[in-house]
Amino acid sequence: MNNIYVKTKEKKYPIYFANSFNGIEKAVEENDLSGRKLCIITDSNVSGIYAQNVKDTLEKYFESVFVYTFDAGEKSKNLNTISDFYSFFLENHIDRKTVVAGLGGGVCGDMAGFAAATYLRGIKFIQIPTTLLAQVDSSVGGKVGVDFKNSKNIIGAFYQPDFVYINTETLNTLPEREFNAGMAEVIKYGPIYSHNFTEYIADNKKAIADREYSALKHVIKKCCKIKAEVVSKDEKEGGLREILNFGHTIGHAIETKMNFTLLHGECVALGMKAVFNICLKRGTVSQKEYDELLSLLEYFNLPLNISGITADEIYSQMFLDKKVKNNQLSFVLLESYGRPFSTTNVDKEEIYSAINAVLR
Ligand code: NAD
Ligand code: GLY
């Protein structure tokens, strides 16, 4: 299956790539997880499509299999839902030998992982991502958590899964808007890693949009490879890992301020346009590279502008982000295309100009 491995100080785990759930039994056996209880956590959209299949496939490998379904969507990503998970765990005598599986998008994986990290001080956890965003980003690297009050992902932990099983076939049922939102995170890997990857996306954009297996597999694997490399060098975001937050400083603020009416990937697209604007003005990216980014975002129907929100609102919201250090905003910018760096050295005027670039 040609796996990719994430290697942190304490753990090494595989990311499997497949176009069915058939290989998941092998993954369970290879990672020595059979014979335990399995608790599949999924959301109300994914449950009816995939939970039974995964349950049937894995039933003979586990002592018993439980499925818990929560209401789909970012609005569920909070401590109340986590508390419901804990109640379900208690009712079903979930013990230290149990494996928790997050079957769904980033909301599901982040919450299943957080519950696994905290219940009984940590139980086994596997990721079975079913959105493009989760397959290229959130299921890899062990960031788990929930939103709290007005802040995105402000409560959480680093908790690596035992494996990640990516079945690209699940993307066939993903609504187009969600698929496109995932493309924002895919597109993000170009500026932070290499222009070759952006070229591949641009050259194959139709095949990707048509969800053709070979193009999709190529981009998903490449994103996972980049992410695995970054996380393996800097698991806890002491420095390098911050590059994965490209476009997120302004993006997260928009996401929260718009009350989650825009999808995470859509806000990342807006955030990327905004920081590209800073880089363009600083002369570290060319007009051609800026236009290329916008045209890719546009091709995947990602928003380039928003209304109904002010620059002041976005600016103040940014200070509630977990990336704020000593009350200073932190941005990922580009020294040149493919060479990101993290900095707090961005003045207020530049920030307002970047925000205004995405306001209608
Ligand atoms: P999501 O989990 O809400 O999934 C999007 C929608 O697609 C939901 O309605 C879901 O029910 C539905 N869905 C999922 N898979 C489907 C399928 N195969 N077919 C049909 N419908 C399907 O959102 P997301 O975009 O996957 O993830 C966004 C979340 O991920 C945000 O909360 C964000 O903060 C988080 N995130 C985390 C990390 C990380 O490193 N942990 C990285 C990026 C984003
Ligand atoms: N999505 C950012 C990270 O995993 O660090």
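Just follow the structure's listing: the first ligand is 1, and inside any ligand the first atom is 1.
The pair Lys206-Glu212 does not meet the salt-bridge criterion, since no charged nitrogen lies less than 4.0 angstrom from a carboxylate oxygen. A salt bridge does not link Lys236 to Glu10: none of the charged side-chain nitrogens sits closer than 4.0 Å to a carboxylate oxygen. Using a 4.0 Å cut-off between a side-chain N of Lys or Arg and a carboxylate O of Asp or Glu, Lys233 and Glu229 qualify as a salt bridge. Remark: Lys152 engages Glu255 in a salt bridge, criterion side-chain N to carboxylate O under 4.0 Å.
Checked by distance only, ligand 1 and Lys143 come closer than 3.5 Å through their nitrogen or oxygen atoms. Between Val107 and ligand 1, a contact under 3.5 Å exists for at least one N or O pair. Considering both main-chain and side-chain atoms, Asp137 comes within under 3.5 Å of ligand 2 through a nitrogen or oxygen pair. Of the N or O atoms in Lys77, one or more lie within a sub-3.5 Å distance of an N or O in ligand 1. Checked by distance only, ligand 1 and Glu185 stay at 3.5 Å or farther apart across all their nitrogen or oxygen atoms.
With a heavy-atom cut-off of 4.0 Å, His248 does not touch ligand 2 at all. By the criterion of a heavy-atom distance under 4.0 Å, neither the backbone nor the side chain of Val144 is placed next to ligand 1.
Residue contact check: Lys227 has heavy atoms under 4.0 Å from atoms 40 (O) of ligand 1. Near Asn245, meaning under 4.0 Å from one of its heavy atoms, ligand 2 places the atoms 2 (C). Remark: ligand 1 atoms within the under-4.0 Å shell around heavy atoms of Thr170 are 17 (C), 18 (N).
Within a 6.0 Å radius of NZ in Lys323, more than 12 heavy atoms belonging to other residues, nucleotides or ligands are found. Within a 6.0 Å sphere centred on CZ of Arg339, heavy atoms belonging to other residues, nucleotides or ligands number 12 at most.
Of the protein's non-hydrogen atoms, Lys152 NZ, 3.4 Å is the one closest to atom 33 (C) of ligand 1. Closest to atom 10 (C) of ligand 1, if we only count protein heavy atoms, is Asp43 OD2, 3.2 Å. For atom 30 (O) of ligand 1, the closest heavy atom belonging to the protein is Gly106 CA, 3.4 Å.
Counting only heavy atoms from C-beta outward, the side chains of Thr284 and Glu335 never approach each other to under 4.5 Å.
One hydrophobic cluster holds both Ile309 and Phe319 under the rule that ILVMFWY side chains link at heavy-atom gaps under 4.5 Å.
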